[in-house]
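Because the structure is a prediction, the values reported are computed rather than measured. Computation of the quantities below employed the complete heavy-atom set of this structure, encompassing side-chain atoms and omitting hydrogens, waters and symmetry-equivalent molecules. Ligands are counted one by one from 1 in listed order, and the atoms in each one are counted from 1 as well.
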Amino acid sequence: MSAGNNILELLKELPSTVKLVAVSKFMPNELILEAYNAGQKDFGENRPQELSRKIAELPSDIRWHFLGHLQTNKIKMIIDGVTLIHSADSLKLISEIGKEAEKRGLVKDILIQQHISCESTKQGFALGEMEEAAAFARSVSGVRVCGVMGMATFTDDQEQVRKEFRGLRATFDRLKSTIFSDCAYFEHISMGMSGDFNIAVEEGSNIVRVGSRIFGSRY
Ligand SMILES: *Cc1c(COP(=O)(O)O)cnc(C)c1O
């Protein structure tokens with residue numbers, strides 16, 4: 001199987017309302033180009049250095065998504081080339097993204113990351129912090145909050161995963177009906193990876209971030 005075929009298969013499986021982000025971290029340019037040549041335009045990376053190199057080397061009509069923990073001192077490296085930052089996970093980061101964007105006369109699209117898994121290693125705001133984070137982010141003029149993002153626990157327990165996605169969906173609905181009730185652009189729920197995107201889509205995801213299912217194992 002090639003990355004290009006895998007893209008075409010996935011697009012057949014996914015409802016047309018769900019955006020596929022091909023997560024190309026650690027992958028060489030030639031594999032990314034295979035997916036690109038199959039029509040894929042949205043790619044995701046989680047390391048600023050690697051992303052900025054790939055932005056320079058690969059076609060300019062690729063839309064790059066940033067998915068990983070972002071240190072504030074690395075914002076400059078990626079802000080110009082990135083379409084959507086999925087992983088806004090602290091008030092400081094949101095505020096700094098806003099500042100860097102304003103310096104450039106931009107408004108940067110972000111998603112607020114909620115910690116939905118039982119693992120302590122995955123970043124994001126706790127459920128109880130989401131409202132404050134969202135209200136704060138809405139007040140930052142250099143960012144536009146387009147929705148929420150989360151990563152489920154890495155487990156075979158599908159009911160656990162479903163419960164976590166359902167929780168993120170509930171957060172989205174709550175914010176959409178309150179803080180962002182007048183914001184058509186608040187519309188994205190980024191959830192689901194290679195192992196769990198089917199459940200995520202059933203629970204309301206409209207952006208899935210799929211890596212190994214397209215490009216093979218990273219290890
Ligand atoms: C690596 C990564 C993915 C893709 O993971 P796969 O299991 O390879 O599909 C999705 N989201 C984030 C935030 C990631 O870091």
**Item:** Residues in contact with ligand 1, criterion: heavy atom under 4.0 Å
**Value:**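 Heavy-atom contacts below 4.0 Å: Val23, Lys25, Leu67, Met149, Met151, Met193, Ser194, Arg209, Val210, Gly211, Ser212, Arg218.
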Any chance you could measure [X], atom [atom1], to [Y], atom [atom2], to the nearest 0.5 Å?
X	Y	atom1	atom2	answer
Leu84	Ile207	CG	CD1	5.5 Å
Thr171	Ile116	OG1	CD1	9.0 Å
Ile94	Ile85	CD1	CD1	10.5 Å
Gln160	Lys163	CD	NZ	4.5 Å
Lys176	Arg174	NZ	CZ	15.0 Å

**Item:** Ring-ring centroid check Phe26 Phe215, cutoff 6.0 Å
**Value:**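 Centroid separation for Phe26 and Phe215: 6.0 Å or greater.
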